[in-house]
Amino acid sequence: MLSIAGSLRQLGLSALAAAAALSSLASAAPSNIQVRSLEERAAAGNRLVFCHFMIGIVGDRGSASDYDSDMQRAKAAGIDAFALNIGTDSYTVTQLNYAYQSAANNGMKVFISFDFNWYNPSTDAARVGQLIAQYANQPAQLQVNGRVFASSFAGDGLDVNAVRSAAGTNVYFVPNFHPGQSSTSTIDGALNWMAWDSNGNNKAPTPGANVTVAMGDASYQSWLGSGKTYLAPISPWFSTHYGPEVSYSKNWVFPGGALLFNRWQQVIQQGFPMVEIITWNDYGESHYIGPLSSKHGDDGNSKWTNDMPHDGFLDLSTPFIAAYKNGDTNVANYVQTEKVVYWYRRNLKTLNCDATDTTAGHSAPNASGNYFEGIPNGWQTMDDNVYVVTLLKSPATLSVTSGGNSQSFNAPAGANIFTVPAGLGKQSFVVNRGGQNILSGTSLMDITNVCNCGIYNFNPYVGTLPAGFSDPLGPDGLSSLTSGLHVTTCQPKPSLGTNPSVPASPPANPTSSTPPASRTSSAAPSNPTNCVAGTVAPGESGNFAGLCSFSCNYGYCPPGPCVCTATGTVPQAPPSNGRNGCPLAGEPAAYSGLCSFSCNHGYCPEGACQYC
Ligand SMILES: *[C@@H]1O[C@H](CO)[C@@H](O)[C@H](O)[C@H]1NC(C)=O
Ligand SMILES: *[C@@H]1O[C@H](CO)[C@@H](O)[C@H](O)[C@H]1NC(C)=O
């Protein structure tokens, strides 16, 4: 959760236009199957889908329209309501006003989720109730069983009757209270926040201490009993790295990997009464499924979120949301658009970034077991895999190439997941049906052994086929990127897409075996000059893998970093873009020729080269 504190300004609520798009409340069905309407599900208090939205990170928004794209995108995916997480920042009420207004304008629902990192359960019951009252009659306020809905993060010990009394209404209250730490007598249900396997003490699990998400479900369900509503968590990921660059506040991961896919399968099988996706926009903890381009400030997260869109996580969730709402355990019925969603970390977990990630170069836990420097606690629980989910209407063949690793799979209809060991270099994906490539592409993000921005980054890159929309961080979201970094090669600007990836196969129209005319490198001429395939030379840095693979394809295969593996008729390289590439500062001179050639032909991997 965010650490942006401030004083609460009790603003009077300005009159909000009551322009609710009431007619659009029924969700768009993502398939031909009709999905049950929100009215029907909310009246029954069953099969509701929420997504946690951090108000604390969007203090830079200036109007209700700044929320419109979030509301529209979430609604289109089938999310019923945003849980608006609020602290006590000075802008909280202003932003709540905008959010409620935008939700009304876009046919979405919202409710407040009080963050008890900032509210005090012992003394703030009336304050909480009064804030609920301010929004209770807004058209966008979510009502369940005809009652105003509210939730929380933490808050055990809160006097719920005092909250209802101050709210002036019989609030349907589903806080993040914990089994055994509060009575269930005054609440309507409870939110379980722990969407990740843990050690039971807010760190990654170990074989000896492994509290799984399913164990959390069981614990909540048994505590709540049959009369109360269990609000179950779903999250794609967790990694955070507020190390020395960002006030030493937190630095750990929970195991991610196939989590989102597996959890959705579990959720549609279990059929919990309500679910909450954690989160839309908590970039700092890397569990966002909303866009990077959604307007927000930078609490330090840009160091690991820049160029790392997660929009495919929402695409993956969309058919599951529809199946869940209909009580259907077969997601295959809800695949409307054939798609591939893939994700992986940009480095392998063995990469050592200690030299530039810490001031002192040590990463040992202190007595409380917290690491505040260097590699995040729990890193060993991450697998070096490329995860690929196919959403298909009929069977096909999936082929994945991760650096030097290639595998093909039979992908059945419906939603299925495949993993391939992550390899340094380019990441390519092909779906073939009946001899035709129906989806294919190369990721904009290579896996490298460069510590981007000099830090450990365990946030995944998420891509899709067909490719999703361009989703760069905006200026506000990049404002503290360089603060505290120990390298100077990291720029506060998006760079995805400025390094266009290369065609999966060379153009089918080979020309002569002449070395590429536009080669301007200072490296020795390639030998042989009729090279058509190559890879990184034995003993050389894996960071050359993508560069060698690209350049050797087109006859330029400098010995030293690269080795040619096949010769033949050299295909024409992609056209020159008229620009020259240089190695990143600090990279060896052996990169000069490779960067020059590759960048000039449109492949300028950000971990190694830049345009100069
Ligand atoms: C925790 O248990 C789950 C379920 O059995 C298992 O998949 C996972 O690998 C375990 N994690 C650790 C760190 O042992
Ligand atoms: C561990 O380090 C953190 C951050 O510096 C500090 O707040 C905490 O008190 C330390 N714990 C112990 C037991 O030293």
Would you tell me whether [X] and [Y] have side-chain atoms, one donor and one acceptor, within less than 3.5 Å of each other?
X	Y	answer
Tyr283	Ser302	no
Asn432	Thr397	no
Thr401	Ser428	no
Tyr603	Asp446	yes
Gln101	Tyr67	no
Ser113	Ser152	no
Tyr230	Asp217	yes
Ser480	Asp298	yes
Arg263	Ser235	no
Ser293	Asp471	yes
Asp66	Tyr98	no
Gln141	Asn137	no
Asn333	Asp328	yes

Is the closest side-chain heavy-atom distance between [X] and [Y] below 4.5 Å?
X	Y	value
Lys325	Leu38	no
Val267	Phe272	yes
Leu316	Val462	no
Asn459	His310	yes
Val213	Asp197	yes
Tyr119	Ile86	yes
Leu191	Glu276	yes
Met445	Leu496	yes

Once you measure the plane-to-plane angle for Phe149 and Phe50, does it fall in the parallel (<30°), tilted (30-60°) or perpendicular (>60°) bin?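 Ring orientation, 0 to 90° scale: tilted.
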Flag the pair Glu40 and Arg47 as a salt bridge only when some basic side-chain nitrogen lies within less than 4.0 angstrom of an acidic carboxylate oxygen.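 Answer for the salt bridge query: no.
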Is any side-chain N of the basic residue among Arg346 and Asp307 closer than 4.0 Å to the acidic one's carboxylate O?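 No, Arg346 and Asp307 are not salt-bridged.
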Enter the distance from [X]:[atom1] to [Y]:[atom2] here, rounded to the nearest 0.5 Å.
X	Y	atom1	atom2	result
Trp237	Leu260	CH2	CG	10.5 Å
Lys295	Arg61	NZ	CZ	8.5 Å
Thr318	Lys339	OG1	NZ	7.5 Å
Ile112	Asn85	CD1	CG	11.0 Å
Leu465	Thr390	CG	OG1	11.5 Å
Asn385	Thr419	CG	OG1	4.5 Å

Verdict with reasoning, Trp252 to Thr240, per side chain to side chain donor-acceptor pair (under 3.5 Å): CA-CA 6 Å; Trp252 78 89; Thr240 188; over 6 Å; no
Could you tell me whether a side-chain N or O of [X] sits under 3.5 Å from a main-chain N or O of [Y], the two making a donor and an acceptor?
X	Y	value
Asn326	Arg36	yes
Ser317	Phe313	yes
Ser102	Ala99	no

Between Ala42 and Gln143, which heavy-atom pair has the shortest distance, and what is it?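 Distance-wise, the nearest heavy atoms are CB-O, 3.6 Å.
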Looking only at non-hydrogen atoms, find the nearest pair between Leu231 and Ser151 and report the distance.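 Closest approach of Leu231 to Ser151, heavy atoms only: CD2-OG, 4.5 Å.
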Less than 6.0 angstrom separating the ring centers of [X] and [Y], yes or no?
X	Y	answer
Phe82	Trp280	yes
Phe458	His241	no
Tyr288	Phe53	no
Tyr242	Trp304	yes
Phe153	Phe116	no

Ring pair (Phe, Tyr, Trp, His ring centres under 6.0 Å) partner of Phe418, chosen from Phe261, Phe409, Tyr342: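 Running ring pair (Phe, Tyr, Trp, His ring centres under 6.0 Å) over Phe261, Phe409, Tyr342 with Phe418 returns exactly one hit, Phe409.
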Can you confirm if the NZ or CZ of Arg345 lies within 45° of the ring axis of Tyr461 and under 6.0 Å from the centre of its six-membered ring?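 Cation-pi check for Arg345 and Tyr461: fails.
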Counting only heavy atoms not in Gln269 (residues, nucleotides, ligands), do more than 12 fall under 6.0 Å from its CD?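 Enclosed: over 12 neighbouring heavy atoms sit under 6.0 Å from CD of Gln269.
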